[in-house]
Structures are given as C-alpha cells and as structure tokens.
Amino acid sequence: MSPMNPLVQVVLDDIAQQVATRMDLEVAEVRSLLEVPRESGRGDFALPCFPFARVMRRAPQQIAEEIATAFEPGPIIQSCQATGPFVNFTLDPAERARRVLGAIHSGGDDFGSQDIGSGKTVVLDYSSPNIAKPFHVGHLRSTVIGAALIRVYRSLGYQTIGVNHLGDWGTQFGHMMAAYSREDWKDPEREASDPIPFYRELYARFNLEIERDAGLAEEGRNWFRRLEEGDQEARELWKKFHDVSMIEFDRIYRKLGVTFDHFTGESFYNDKMDRVVEEARSREVAVESEGALVISVGDHVPPVMLLKSNGTTTYHTRDLAAAMYRQETFDFEMLLYVVGEEQRLHFQQLFHALERMGFEWAARCRHVGFGRYPNISSRGQGGKRFVGLDEILDEAIRRAKEKASENSDIEDASGVAEVVGIGAVIFNDLKNNRKKDVDFDPEDWNTILEFRGDTGPYVQYSHARTASIIRKHGAPVSTRIDYQLLTTPEDRTLVSLLESYPGRLAMAGQEVEPSLVTRYLLDLTKALSHYYHKHKVLVEDPPLRAARILLIDCARQVIANGLKILGVAAPERM
RNA sequence: GCGCCUGUAGCUCAGUGGAUAGAGCAUCGGACUUCUAAUCCGAGGGUCGGAGGUUCGAAUCCUCCCAGGCGUGCCA
C-alpha cells in the first residue's frame, strides 16, 4: 500500500470503517479499494464496487447505491453518492482547506517532514567520480540523484550518511602511472596549466596503445601492484593525482550545492582487503580458479573475483570491504548504491557474495541504477563528443542570463541567472524515471537546457511570481480567514494537491525515485498558474484577498520545500 | 548464447489493476495600458511494440515473440 498523508489517512480510515460496518464487509478490503479519482469533479475519494458483486450477488451499481444510501455524512465527509458502480465521497472543502493550509502554515519549511525513518540509518553511496579523470555529465546523475535522495530520507526522519566512494584505486591507476612515466609523453607546461584534461588524454592515449601493445597492460598492472605494496614512487604519484582531482571536485560540488559526510574512496579500504580474503577463506566460500581467487555465486552469474592471478585485489574486493566496513560502522537499515544501471551485474554479484559469506544484512543493500547520457563519451572516443560538466553549467547560466536581460531589471541578475541555469540542469536530470537514459544531443543544447514548459525555471518562475504577489499584498499571512471562500474548483484542486505532498515525498523514499517529487512540483505549478488565470489574488474585498493570500502562500511554501529536496534554489525574484 | 533495462501522440516523457490514456515540445489559432508573457487559453494529433493469458475490469499482472540499449572472470 502506498504511503499517504496522515490527513487523508484519517478520513479514509473513517470511510472504510463506516462502509464496512454498515455493509458487513472487511474493513481492510474496503480501505484498500479506496482511491483518488483521476478526474476531478467526481468527488475527492472513490470506492469501486466491482469486487463486492460476487460475494453479495448483486450488480455493482446496486451495491454502490446501497452504500451511498447507508452512509452517514459527517462534519468532514460532506456527501456521498453513487455514480454507476462507484461510490464518490466528497469532503467539506472549507474544512479540508482549513486543515491542510493550517498544517502547511504552521509546518513552514518542515511541512512534509515525517518520522517513518526515525531511529534508522540509511547510507547512500553516490557521485563517486574517478580521480585523475574529469567530472563529466555521467557523474552528474549519480551526484544529483544521490543528493536528492539524501534529502528525501532526511525529511522522512532517517539518519542519513552520504558517502563519496571515490574511484581512487585500481589497475586504472597503474595505467595512469605507466602513461605518466613515459618520457616521450611528458609535457610539464600543459600539466601545470591544465592538469585534468592532460591526465585524461594520457589515460585515453594509453588505452588506445594497449590495443596495439599487450605489454603495456602488464606494465600498468605492475604499477598498480607497486601501489598496493606501498612503493614510495607509486604512492607519491597517486597523491599527486588525488590532490589535483580533489580541488576540482570540491569546486564542482560547491556549484551544485552538494555535500558528503565521508570521502572514503576505494583507497580507504586498502588495509581492509586482507580481512575480506580471510573471511571468505575461513567461511569456505573462496576457491582457486585459473590462478585467481573467486567466490562463485550461481550458475547464471560470473564468479566474484577477490584476487587476480597476480595477487592484486579487484573492484569487488574493495566493494566487499566497503560494505562490511559500513555495516560495522553505521549499522544501516539500508545501503543504497547510486551507480549507473550498466553496473547492475556487478552489484548483483556483490550482494550474492555478501550473502554467501553469511551476512544477513546483504538483503538490506540495494543498487539504485540510472540511465546514461547515451550520446556522450566519457573519454572522447567512438566518434562521440566529450562534454564536461562545466561546459553544460556555463552554457545554462549564459542562457539564463540572456533570458533575464530580455525581461527584467532586477538586482543581482547574475546571481539569479546562476541559480536558474544550474536549477535547469539539475531539474532536467531528475525529471524522469531514473532508469531512463537522458535525452541529450550534444549538437542541440535545447534538449536539456529548455527554460519553458516542464522545466526547473518554470517552477522557479512560479515561485518567484507567487512571492511577488505576497510582497505586494504587504501584510502578514494569516490563517484566520473565512475558509468558505476557498471552495471554487481551482481552490479545491490546489488544496488537494498541497495535501498530497507528504505522501508523494514518502513515496519517493519508498520507490527510491526523486522524479516523483519533480513531477509533483510540475503538477502543483501548473495548477497554480491556472489558478492565477482564473482568480485574481489582490482583490479589493479584504476577506477574499486574505483567503487567497493564505492559499498561494501555502503553495509557495510547498514549492520551496520540494525544490529544496531536489537541490534547486527557489528564487524570490526572477 | 545468457542476463538486465527500455518500448505510450511527430519528438521527449507521465500514467505501477478501475470511470472518456494525460503533459511538455513541435504545428496551427488566440491573450501583455490587467497580481511577473521564463506565463496563460484553445485546436488538431493514439492499433499504449506484437500475440496470447489471468480478471467483473489490463498501458499497468503472467507467458512467448519483436526492436533498441547495456552487461556478460583478471578495467572500474
């Protein structure tokens, strides 16, 4: 059953109780059938009567009639009527508005917060870029989705721990070092001015060379072995790549407003690998195979490799060590890996290996996969263009600036352009089901940088416009209003949407799906725009004006809260 | 070959068992001396990839097939 707003919960429980008692039905069954009609104008809640037809041996239409007749409306549930095989329940709109708007007004920035996760810890592994490689658009997804999920779970009352599992270990570093130490590839000037692109090119060049010269791969593996063994020269090189990268990452995270509780990358587990191997051996799940040490995890899944034939560890070994460390350190309720969908198999293997090692908490680990930017290369290969994150953010900000200069004369136009541009990028990334690939044509920035329609700037604009009306109202927002004045269809639609925010947030947590919040904000914003078209807020009549001000201030509050979850700024002016 | 993901309007996507399948973009037509036009209003546009099945009821659940993407032991 989907989580729901407590305000709704109480009403639905009441309806189910009464219907079940009067018709001699199971309360739970009635309760589970109650739904919100897709179309407005059919009442606030509906009960389809088809399932009762068989047991009661009557037509569903007739049963609906009987229920509607037997049901006694109360102070909140105003009316109840049969429409064909459905019973439609309508709440007293004024009473409903009073409750919903009251809760939002008093809740403020905390409206939507819940306690369903209290006492539980959720660990999120997200962003996790590779050191010595540039932060490209692909990393944006993990960063933005992970950061949004952290805020979702925090709102739901969980203790959250954000971990950046930096890709700072592995044979790739052997490759980097092998490439870096080639005398004929050195370029000190370039390295000083443009280190990250320089390293990226070295790495790409090395990977191309490998295809022609198999000896290079061996050279790379040997460098990594030296690193794992603590060789001085290897450690120093590693440190150089690490430090340069961290400065770069820090700059990007600041721009995106993303933070982490821990930067424990793969290298952090270097001294925790032996234990993994020992545990696997002592639990008799590790076996020798083709010179390597592996854990087999089923017929349809390739085995998990703990040690390669040259004795070095793998991605799996480090992930096993990390999972064990996190369990011991954080005692998590959930461990979520926000990593690309293409690594589905890797995590399947990882979780199976944990199970085979006898860890019951393996069932609490989950891979939160997401789609890619299919037209973008991470290395600039394969005829695809490399697109850096900075390139996108800069273009977004430039466009926002251009747009702003067309209309407004506000102060701090460049500050606004920055939050709008970055907001557009983040919102776009979180707009659809995370498993879907992001539609992006590198030749056509409009695919991801549109500012009209279903976009971040549209929601931000709506927020700014609402804030502007409230500013012009010029008096404090009060809940001491006549709620009978908020009962037009547009009022009721808005109230109903506002009421559903906490439920949608809980659903986003349950489904591990930030797009539920994004979609909700678009629905709410569209309803609000429609409201402005239909009703003027700053009318002469003081009671009506006060009532509408409260309503739109609540809408503004919920938009602000939702945008905050997504990591998108809610500007007061734009 | 096997495994996973995706398939809904021209395009990009919502819709995870209920009433007439919805948005944005694009196209066409309309609204700025009126609380911000980054907006709003209206129109056209659909064999929900295909075929079976379960159900009172299927875009939604099951089976098979088709198409695209990703992955498939010594990169991570």
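- Counting any heavy atom pair closer than 4.0 Å across all strands shown, A/E511 reaches a base atom.
- Base engagement by A/S309 is indicated by at least one non-hydrogen atom pair under 4.0 Å involving a base atom.
- For the pair A/N432 CG and B/U12 P, the computed distance is 11 Å after rounding to whole Å.
- Straight-line distance from the CG atom of A/L216 to the C1' atom of B/C75: 15 Å, rounded to whole Å.
- Counting non-hydrogen atoms under 4.0 angstrom, A/K536 reaches a base of the nucleic acid.
- Ionic pairing of A/R58 and A/E66 is present here: one or more N-O contacts between side-chain nitrogen and carboxylate oxygen are shorter than 4.0 angstrom.
- In this structure, A/K436 reaches the sugar-phosphate backbone alone: every heavy-atom distance under 4.0 Å involves primed, P, OP1 or OP2 atoms, never a base.
- Position along RNA chain B of the nearest nucleotide to A/K472 versus A/H530 favours A/K472 as the more 5'-ward residue.
- Among the protein residues, A/P51 comes within range of the nucleic acid bases, having at least one heavy atom under 4.0 Å from a base atom.
- Aromatic ring centroids of A/H346 and A/H367 lie 6.0 Å or more apart.
- Here B/G73 is the nucleotide among B/C40, B/G73, B/C5 with the atom lying nearest to any side-chain atom of A/A292.
- Toward the 5′ end of RNA chain B lies the nearest nucleotide of A/S515, the other residue of the pair A/E342 and A/S515 mapping further downstream.
- Centre separation under 5.5 Å together with a plane angle under 30° holds for the ring of A/F50 and the six-membered base ring of B/G18, marking them as stacked.
- As judged by a 4.0 angstrom heavy-atom cut-off over every strand, A/T171 is placed among residues touching the sugar-phosphate backbone only.
- When heavy atoms are screened at a 4.0 angstrom cut-off, A/N433 is found touching the sugar-phosphate backbone but no base atom.
- Ion pairing between A/E450 and A/R452 holds under the 4.0 Å rule for side-chain N and carboxylate O.
- When the nucleotides B/A19, B/C35, B/A76 are ranked by their closest atom to the side chain of A/K308, B/A76 comes out on top.
- If you check every strand for non-hydrogen atoms under 4.0 Å, A/H473 touches nothing.
- With rounding to whole Å, A/I422 atom CD1 is found 21 Å from B/A38 atom P.
- As rounded to whole Å, 9 Å separates atom C1' of B/A19 from atom CD of A/E35.
- Distance check on atom C1': B/G73 versus B/U54 gives 41 Å, rounded to whole Å.
- Using modelled atom types and a 3.5 Å distance limit, the side chains of A/R318 and A/T313 yield a donor-acceptor pair.
- A salt bridge between A/D454 and A/K526 is present, with a side-chain N of the basic residue lying under 4.0 Å from a carboxylate O of the acidic one.
- Residue A/T455 places no side-chain atom within donor-acceptor reach of the base of B/G24, judged by atom type and a 3.5 Å distance cut-off alone.
- As judged by a 4.0 angstrom heavy-atom cut-off over every strand, A/N446 is placed among residues making no nucleic acid contact.
- A/D437 places no side-chain N or O within 3.5 Å of a backbone atom of A/P374 that could act as its donor or acceptor partner.
- Using a 4.0 Å heavy-atom distance criterion, A/E290 is classed as a base contact.
- Within 4.0 Å of A/A217, counting heavy atoms only, lies no atom of the nucleic acid at all.
- Here A/H535 lies in heavy-atom contact (under 4.0 Å) with a base.
- As judged by a 4.0 angstrom heavy-atom cut-off over every strand, A/Y458 is placed among residues touching the sugar-phosphate backbone only.
- Residue-level contact check: A/V301 touches neither bases nor backbone, having no heavy atom under 4.0 Å from any strand.
- With both ends at atom C1', the span from B/A31 to B/A58 equals 42 Å, rounded to whole Å.
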